[in-house]
Q: 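Take a look at the following structure, please.
It should be emphasised that the depicted structure is a prediction, and the values quoted were computed from it without experimental measurement.
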Amino acid sequence: MTSAKVSNKLPKDFIWGFATASFQIEGSTNVDGRGKSIWDDFSKQPEKTKDGRDGDVATDSYRLWKEDIALLAQYGVKYYRFSLSWSRIIPLGGRNDPVNPKGVAFYSNFIDALLEHGIIPFVTLYHWDLPQALHDRYGGWLNKDEIVQDYVRYAQVCFRAFGDRVKHWLTVNEPWCVSILGYGRGVFAPGRSSDRERSPEGDSSTEPWLVGHNVILSHAHAVRLYREEFKAAQGGQIGITLNGDWAMPYDNSPQNVEAAQHALDVAIGWFADPIYLGHYPDYMKQMLQERLPEFTPEELKVVKGSSDFYGMNTYTTNLCRDGGDDEFQGLVEYTFIRPDGTQLGTQAHCAWLQDYPQGFRDLLNYIWKRYKLPIYVTENGFAVKDEHSKPIEEALQDSDRVNYFKGTTASLKAAVLEDGVDVRAYFPWSFLDNFEWADGYITRFGVTYVDYETQQRYPKESAKFLVKWFGDNIDAGDRKLQ
């Protein structure tokens, strides 16, 4: 009689690897027929990035891609999440605009080389770099009738070109950021906002909600196309990835308990509820009323169920208090300071991030119970305070980041093995230090240090920790029971 052994490891087919995005690493913005994205000129405008630097070189990965793959192979990872640049593939972006063969060839060669090294591609179609031409032509994400068709055609080009080898697709990275940071707060491209000191045009009270709606529809129609025309032959999976941090009541008062749920409704439910449950959260309808667009019954048929899994990007936990006038946080105030005056956790370089691993476990449980689909964690990471100003040797000893990953990996394992949450993937952000959007190059999220003067890459302790941890904690599968 064989006795069933309860494993204390993640299942053998658990997916893990590192993650990046095209505009954050590629550089070569002007090479081989690439068209401009909305980030090209935006990042060159005064005061749009903290250090005044742009994405023209980044980590030079368009030229150094072979070195990048060699390093991934050296780390021994079996998966790599990266994004495609829409304006490399279709420089002007539109459904009647020409496809750029050199852009397609670059990614095709890159995918082949990954596979030759035993690394499986996990591909994001859209990670914030909308072709500038579409923004100029019709307002980009603000124009539902145009953007849905243009995005679907771009997706179709990618499925055709790469889908024979790519079996893991993400449609859009973090629609909350696309909508709120691009069209509400105006801190990300295209930088639209009601704040006239920041932007000559824009309306923070209406545009973010329209953009979010149009992103959902673009995603859903691309998924429908994949399922109808490509899935049978290619056999891949496709979904969206949503940002959203855990929200914890500041204290046990009923209004703060309610506030934490309101925060989750706006940070996560805004996108997850329509896609997985078929409707916007009631709280958002109540908060926004006629400013929240409505789906037609035909649109809802396409939207509901349009993701094969739950793609999750998460970094931190916020303590939530009822109040404030920030609709983008659900009229909730966020803090890291507990009622007794202590901090929730170790402070990162960016103000919005502290280390609180229990929150990751709580969020995994919340998502699993609410949406009931396998969870793919597609980003999770930490930026060490002042790492950019440390000597390289010191920066490589990134103990705050190692501690962060010790906490999140323990939470991940507990959620799977003790709580029964179906988590299938975990991608630390990021493979390399890179262009951190409005932060420029000051904020470093990499598990690999990049010396921007020389483009040399140096593994940090966190990379070594993660490689060892996953080596030790994923079931090898072929070991015989003794």
Side-chain angles (χ1 to χ4, degrees), residues 21-44 54-58 61-63 65 82-114 121 123-166 169-173 178 182 189-190 211 214-215 217-226 228-230 233-234 236 238:
S22 51
F23 193 76
Q24 293 182 272
I25 67 166
E26 285 180 356
S28 299
T29 47
N30 216 347
V31 171
D32 289 341
R34 177 187 177 276
K36 278 183 181 177
S37 81
I38 52 173
W39 271 93
D40 286 55
D41 290 348
F42 179 81
S43 63
K44 292 184 173 68
D54 57 44
D56 282 359
V57 179
S61 288
Y62 187 79
R63 294 194 316 119
W65 64 273
F82 63 98
S83 80
L84 306 175
S85 162
W86 185 342
S87 64
R88 264 195 212 288
I89 291 170
I90 308 170
L92 297 174
R95 55 197 179 277
N96 300 312
D97 293 318
V99 173
N100 173 25
K102 286 183 177 172
V104 173
F106 171 76
Y107 291 116
S108 192
N109 293 336
F110 184 77
I111 289 164
D112 285 345
L114 283 173
V123 178
T124 310
L125 288 167
Y126 184 78
H127 200 124
W128 306 353
D129 44 357
L130 183 77
Q132 180 69 42
L134 301 187
H135 183 73
D136 296 343
R137 197 178 285 171
Y138 55 70
W141 289 111
L142 288 163
N143 188 320
K144 177 169 91 171
D145 295 336
E146 297 288 342
I147 195 68
V148 174
Q149 294 185 73
D150 284 349
Y151 176 78
V152 170
R153 190 273 188 138
Y154 162 59
Q156 180 186 50
V157 168
C158 296
F159 299 150
R160 275 196 187 133
F162 316 121
D164 56 332
R165 291 154 290 162
V166 173
W169 292 102
L170 294 169
T171 51
V172 178
N173 181 78
V178 173
V211 167
N214 298 341
V215 169
L217 287 165
S218 299
H219 144 80
H221 279 279
V223 170
R224 183 172 77 169
L225 172 80
Y226 184 78
E228 288 179 355
E229 294 186 23
F230 295 94
Q234 295 180 353
I238 187 165

Q: Leu142 vs Val211, test: side-chain contact (heavy atoms from CB on, under 4.5 Å). Steps then yes/no.
A: CA-CA 5 Å; Leu142 288 163; Val211 167; 3.7 Å; yes

Q: Could you tell me whether the side chain of Trp141 and the main chain of Ile147 form a donor-acceptor pair under 3.5 Å?
A: no

Q: To check you understand the geometry: which heavy-atom pair defines the closest contact between Ala222 and Tyr151, and what is its length?
A: CB-CE2, 3.5 Å

Q: Where do Arg95 and Glu146 land on the side-chain contact (heavy atoms from CB on, under 4.5 Å) test, with the steps shown first?
A: CA-CA 9 Å; Arg95 55 197 179 277; Glu146 297 288 342; 3.0 Å; yes

Q: Within the 4.5 Å heavy-atom criterion, are Arg160 and Phe230 side-chain neighbours or not?
A: yes

Q: Enter the distance from Trp86:CH2 to Ile38:CD1 here, rounded to the nearest 0.5 Å.
A: 10.0 Å

Q: Mind listing the closest non-hydrogen atom pair of Pro91 and Pro98 along with its distance?
A: CD-O, 3.7 Å

Q: Give a yes or no on whether a salt bridge exists between Asp129 and Arg34, defined as a side-chain N under 4.0 angstrom from a carboxylate O.
A: no

Q: Determine whether the aromatic ring centres of residues Tyr154 and Tyr126 are separated by less than 6.0 angstrom.
A: no

Q: Given the rule in the side-chain contact (heavy atoms from CB on, under 4.5 Å) test, do Phe23 and Thr29 qualify, once you have shown the distances and angles that lead to the verdict?
A: CA-CA 9 Å; Phe23 193 76; Thr29 47; 4.2 Å; yes

Q: Restricting to non-hydrogen atoms, name the atom on Trp128 and the atom on Trp39 that form the minimum distance, rounded to 0.1 Å.
A: O-CD1, 3.3 Å

Q: Has the side chain of Tyr107 got a donor or acceptor atom that lies under 3.5 Å from a matching backbone atom of Ser85?
A: yes

Q: Check whether any side-chain heavy atom of Val123 lies under 4.5 Å from a side-chain heavy atom of Leu170, and answer yes or no.
A: no

Q: Looking at Arg137 and Asp97, does any basic side-chain N land under 4.0 Å from a carboxylate oxygen?
A: yes

Q: Above 12 or not: heavy atoms from other molecules or residues under 6.0 Å from CZ of Arg63?
A: no

Q: Could you state the interatomic distance from CD (Gln132) to OG (Ser87), rounded to the nearest 0.5 Å?
A: 9.5 Å

Q: List for me each residue that meets side-chain hydrogen bond (donor to acceptor under 3.5 Å, both in side chains) alongside Arg165, sequence neighbours excluded, and say none if there are none.
A: Ser108, Asp112

Q: Any side-chain heavy-atom pair from Phe162 and Val104 closer than 4.5 angstrom?
A: yes

Q: If you take all heavy atoms of Pro190 and Gly182, which pair is closest and at what distance?
A: CD-O, 3.7 Å

Q: Hey, does the side chain of Tyr138 reach the backbone of Asp145 with a donor-acceptor pair shorter than 3.5 angstrom?
A: no

Q: For Pro121 versus Ile111, what's the shortest heavy-atom pair and its separation?
A: CG-CG2, 4.1 Å

Q: To the nearest 0.5 Å, tell me how far Phe42 CZ sits from Asp54 CG.
A: 12.5 Å

Q: As an exercise, state the distance from CD1 of Ile238 to CZ of Phe159, rounded to the nearest 0.5 Å.
A: 3.5 Å

Q: Hey, mind stepping through Ser61 and Phe82 against side-chain contact (heavy atoms from CB on, under 4.5 Å) and telling me if it holds?
A: CA-CA 11 Å; Ser61 288; Phe82 63 98; over 6 Å; no

Q: So which atom in Asn214 and which in Val148 form the shortest heavy-atom distance, rounded to 0.1 Å?
A: O-CG2, 4.2 Å

Q: First locate atom CG of Asp40, then atom CG of Asp56, and finally report the distance between them rounded to the nearest 0.5 Å.
A: 6.5 Å

Q: Assess whether a salt bridge exists between Arg88 and Glu26, defined as any Lys/Arg side-chain N lying under 4.0 Å from an Asp/Glu carboxylate O.
A: yes

Q: CG of Asp32: more than 12 outside heavy atoms within 6.0 angstrom?
A: yes

Q: Tell me, yes or no, whether the heavy-atom count around Lys44 atom NZ, taken from other residues, nucleotides or ligands under 6.0 Å, exceeds 12.
A: yes

Q: Going from NE2 on His219 to CG on Leu125, what distance comes out if it is rounded to the nearest 0.5 angstrom?
A: 11.0 Å

Q: When you check the side-chain N and O atoms of Asn173 and Ser83, is any donor under 3.5 Å from an acceptor?
A: no

Q: May I ask you to decide if Gly94's main-chain N or O and Arg153's side chain share a donor-acceptor pair within less than 3.5 Å?
A: yes

